[in-house]
Amino acid sequence: MSLELDRVNIYYSLGRAELRAVSDVTLNVNRGESLGIIGETGSGKTTLVSSIVRTLPENARFEGRISLDGADIHSMPLKEFRKNISWSKISIIPQYSMNALNPVKKIGEQLGLIASEHTNWSTQEIAERIYNLFKELGLPPETYFKLPDELSGGQKQRVIIASALLLEPDVVIADEPTTALDVINQAKVISLIKRSVKERGKTMLYITHDIAVVAGITDKMVTMYAGKVMEYGSTRKMFREPLHPYTMLLINSVPDIRRGRVKKLSYIPGEPPDLIKREKGCSFAKRCPIARDICRLQEPELKNIDGRLVSCHFAEETVTLRQG
Amino acid sequence: MNAIRIPKILTTPQGIVGITVLVILVGSVVGGIFIVPKTNPYAENGMYVAAPFAVPAWASSLYGNLPPNIPLPSTVSLIEDKSPQVLSFWNARNISIDGDKVVFLWNSTLGPSGTSFTETASTYGNSGPGSIELIISGPNPINVSLYHIFNYTYDLPGDYNFFIMQSSIYFQQYNSTINYDGYLTNPKNQTFWMFTVGSAAPVNPLASSAFQYFGPNGWHYVLGDSASPIYSPWYYTSNLTPNETSFASSILLHSAFSSDGAYKVQYQIQYNPQSSNASAKVFLSDVFFKFLGSKYGLLGTDNNGASVYQEYVQGGEFDLILATLVGLMIVFVGAGTGLLGGYFGGKIDQVLVSITDFIFLFPALALYIVLISVFGQLLNLTSQIDRTILIGAIIIVFSWPATGRIIRGQTYAVSNQQFVEAAKALGESNLTVIRKHILNHIFPIIVVQIIFDVPAVIGVESTLDFLGLGITGFPTWGNMLGYAEHYVTSAPHYIWWWILPPGLALLILGIALFYFGESLLRLYGIQGGRLQ
Amino acid sequence: MTSFLSYALKRFIDRFILLIGLIVFNWLLLEGLPEAFGINPVVWIVPRELSHNVNAYATQIKTLTVLFGFNQPLYVQFVRYVYNTLTFHFGYDFLANEPVIVEIIHHLPYTLVLTIPPLIISTFLAIILGQIAALRRGSAVDNTLSNYFIIQYNIPGFFLSFILWVVLIVALKLGPISDASVLTSWNIVNVLKAYWLPWIIITLIFGFPVRGLLMRNTMVDILDSDFIRYERIAGVKEGIVRSHARQVSLIPVVTRTSIDLAFILGGIFVIEYVFGIPGMGYLLTEAAVKFDFPLLVGSFFVLTFYSLIVLYINDLIYPLIDPRLKKSLR
């Protein structure tokens, strides 16, 4: 049981120009594993998720293969995908959780409708499952009969998590679920997701721009820049010993109080790249602190170092930089 | 304030179409202002440039070979300028017969004055020195004629054509009397006696009811026409049955103009000497005949024979000026209060909201009708100008709060933005903040509000005029349609030339301004137009 | 339920204050302002034309001034006016020789029959067309419909009524020139004969384009909204997703329609005028032309009072239409 992305390329046509939002991304998430996808705005992470749940806009062009347990889920008819894969195999906790619920329908009705679209369960059965999930997620049972506007932000978030778990899917995608929340609620939701999703043994994809979030909850992570994989490997290793300068800079921009010393925070200067202009060389070169001439001329290939995939000409040398 | 760069609007299709249509529409009004006379088409001196319900000249061939206006002399300036050429036009020739002698002269100093008559666009008179002078002397009665023959080669007249025959006369008599008659003779050689005036009773006793006594030594104006033949001797000599008398106008017109051919218009002076050394001097001016035709100008005529194009131009000029002024006032007051309310909040804000709530309670048109009636009576407003001001004022008073509310909302949104907070924190005065930061941001919205308010004002004002409750004394697009409404069931061809110009102008103006405003909004990235 | 009652009461008080404001406004127009301008209101109530000579008129005015109590202090006059208005005693129409309320009751049904059916039809039509446009956003159908709504909105209602009357009634003779001649009795054939075209026109002009565009724009927004996107991702069938989108988009349209309902009686003057339908608009226009002030202010009050009542009913119905408002009741 695994989710595989094989050489995925996604292009957007914008009038005459074409923009390559995702370039040659190959990822593999095994059952029960969790993967964090980290990148700034425009890194292609959201496009990647859209291609998995098949909500790419009409002007997008997809190349490659996405398969779940070996079955190609991107080329099957959309209707079949929505009926058999959506929610029952792959569900999503979207970044717009606050607004994801129909404002004029009762919560229970909405979740019940989703369940009845994919299963033959009786109304009673569905209701019971919803109650159980609510209980597990700390929602009062009355929530079932309430309208979204009658719930607090945190409660709505929980309803959405409950909805994602309702049909016991194999894969749960959390697409920046905490963007709209304040810091305290962020922490709550993250721990809730960790508890309810990960500990159920679900395969999880956690998409975020905040590298700190994934530290505690994912087994593997991938940093993306300009639609390309920069570094891909074990979360623990990448945090301890980032090989790509981008990963390193992302980690350095996070305040770390655990180690008991105040680290000098850094930020990454410059702006995300313009994806329409195809430039030679490494796409991160413009903002990279260790970029040399070769970086601007030649695009680095993914190298396997220490069980990790890194796309940098000087992956071996970054260790030095880190220490210095 | 460089907020508005109009040329940029030309990048949106709606903007281009809107502006082009607007320019054409406003151009048709502004251009017309220089062409049409300044007279008021709703007053008598603006009426009867042609027969009522004359069709536009360019479209007349659709309806057959309609008669045009036939004025004699054919150039009106010949009359107005008091040109000596009228002598030859009316075939004035010196005669000597049976010891009588008739001499025609052009007198350039004596001309009509002091006569009273109602002027319409088709009559002329009392216009200064210059007249035909006849000196008649001799012992025998003699009839002296001025005449002109014209050809009528068109479809026979319809219900609305008519003709007039006019002249001014001044005479001095020495042992004689003078009578002055007008005749029209048709190709069938039937003669129609149009007027008889003078210092002696007419020879035909039947015509004496129509006879007007004119004494010597004074200017008199004479008019005979087929519109009111009851004042012409023909009426009394034509043996109309009692049933026919009410249709006399039609009978006169249609029996006079019953075939194509040569028509003779004749002005006859009857000289009746009472002694052998008798003589008389007669001065004639404004000698003029006109057949009012069924085709006229660019847009034909209305029920009074007034030029519809003239009404369209004057109506458009009035509507556009009024709507612009009223629109500007609405936005000025509305934007002022809206800015203050949105920026300072508090009392001003509450007052603004309460006023709009109260005003939104009323059905707008009913409210306007009631207020115009009550205040029209209360202030005893009679002149059209006063009425216009009243209507404008009422529209302003009840329209600004809506605009104020929109501006208030926008101001409120802008004043809560960080750059405004920053400016305030930097110690800039409220006035400076409003002027430099807020006004700059909401200026496009203010401009668009004006653009949206102008057609709204025209719409309300036109509706009132259409119902006959607004302006009635001079043309507006609304009252043109309102008056046309009374005649459309009976007039020929549904008077499309009268209905369509003001109607389409109102329609196009509204649509063009709307698209123009919308494209301005889009240009400034403001979401949601009036309809959202 | 108690929360609803207190809400209903609160809105009732708000609306009642507006009613008092309205009565004060009407009193000012009919009696207060004339007196402030030194005019005896009786002169406005009793038209000059009714008396043969100046002396008889003067005597009449004197008698009626005492009879109507215009010689009493202003506050007494005001209180009597408020009482009379609240009991629908709007005075006597000396021109028609009838109490004003009798005339209003006589004319009101014509307007109700004229306005209510097209309001219903146009609402359904606007919803259907708006939905079609929204579902085919950006297509030729959408462009045509949207531009049609915009153009329809900007056509002056009186011109459209007039031109359709000229073309269909006067030229093509598809109906009676003046509906008053047909509407002598209320039977279905007569009503259809007289009203078919006015109904069509009111359907088209009265709020229809606004509601259509409102439906279209709201539904476009809703179809783009997160909850619709979520339902789609979650595999809810497209038909159900669309019906949910429609359901939410209807809320502002229904709200708008109920506001239109409040003002429709005062919005159809021109149609009654053009078609010769003896309704409220006709009555008010005639009263204004003849300076028949009791009738003018009386029918104005009835029109406004009607909108006030409908607006209050709207207040009560909103929470039922929009479940979201339930929260605000608490």
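Below, read A as the first sequence line, B as the second, and so on, with proteins coming before strands; counting in each chain starts at 1.
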Which of the residues [options] is involved in the greatest number of heavy-atom pairs with chain C at under 4.5 angstrom?
options: B:Leu513, B:Leu365, B:Leu367; answer: B:Leu367
options: B:Ile458, B:Ile372, B:Thr489; answer: B:Thr489
options: B:Ala364, B:Ser462, B:Gly376; answer: B:Ser462
options: B:Leu500, B:Leu509, B:Val374; answer: B:Val374

Under 4.5 Å from a heavy atom of chain B, the part of [X] involved:
X: C:Phe25; value: side chain
X: C:Tyr273; value: both
X: C:Ser307; value: side chain
X: C:Leu311; value: side chain
X: C:Ile163; value: side chain
X: C:Ile177; value: side chain
X: C:Val167; value: neither
X: C:Ile39; value: side chain

Is there a ring pair (Phe, Tyr, Trp, His ring centres under 6.0 Å) between C:Phe158 and B:Phe466 once you walk through the steps? CA-CA 8 Å; C:Phe158 78 94; B:Phe466 178 78; 5.0 Å; yes

Looking only at the aromatic ring of each residue, does the gap between the centers of [Y] and [X] stay below 6.0 angstrom?
X: B:Phe474; Y: B:Tyr42; result: no
X: C:Phe208; Y: C:Tyr153; result: no
X: B:His493; Y: B:Tyr63; result: yes

Verify, without hydrogens or angle tests, whether C:Asn147 (side chain) and C:Thr144 (backbone) share a donor-acceptor contact under 3.5 angstrom.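 Such a contact is absent between C:Asn147 side chain and C:Thr144 backbone.
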
Could you check whether any side-chain N or O of B:Asp386 sits under 3.5 Å from a backbone N or O of B:Thr382, counting only pairs where one atom can act as donor and the other as acceptor?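 Judged by distance alone, no pair lies under 3.5 Å.
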
Check [X] against [Y] and note the closest heavy-atom contact, atom names and distance.
X: B:Val21; Y: B:Ala512; value: CG1-CB, 4.1 Å
X: C:Pro156; Y: B:Leu506; value: CG-CB, 3.9 Å
X: B:Val454; Y: B:Ala323; value: O-CB, 3.6 Å

Portion of [X] that has a non-hydrogen atom of chain C nearer than 4.5 angstrom:
X: B:Leu469; value: side chain
X: B:Leu371; value: side chain
X: B:His486; value: side chain
X: B:Phe375; value: side chain

Could you tell me which of C:Ala288, C:Gly281, C:Ala171 has the largest number of non-hydrogen atom pairs under 4.5 Å with chain B?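 Going by pairs under 4.5 Å, I would pick C:Ala171.
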
How about B:Thr472 and B:Asn479: does a side-chain donor come under 3.5 Å of a side-chain acceptor?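 Result is no, nothing qualifies.
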
Is it the case that the side chains of C:Tyr110 and C:Asp179 hold a donor-acceptor pair, with the cut-off being a distance below 3.5 Å and no angle test?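 Short answer, no.
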
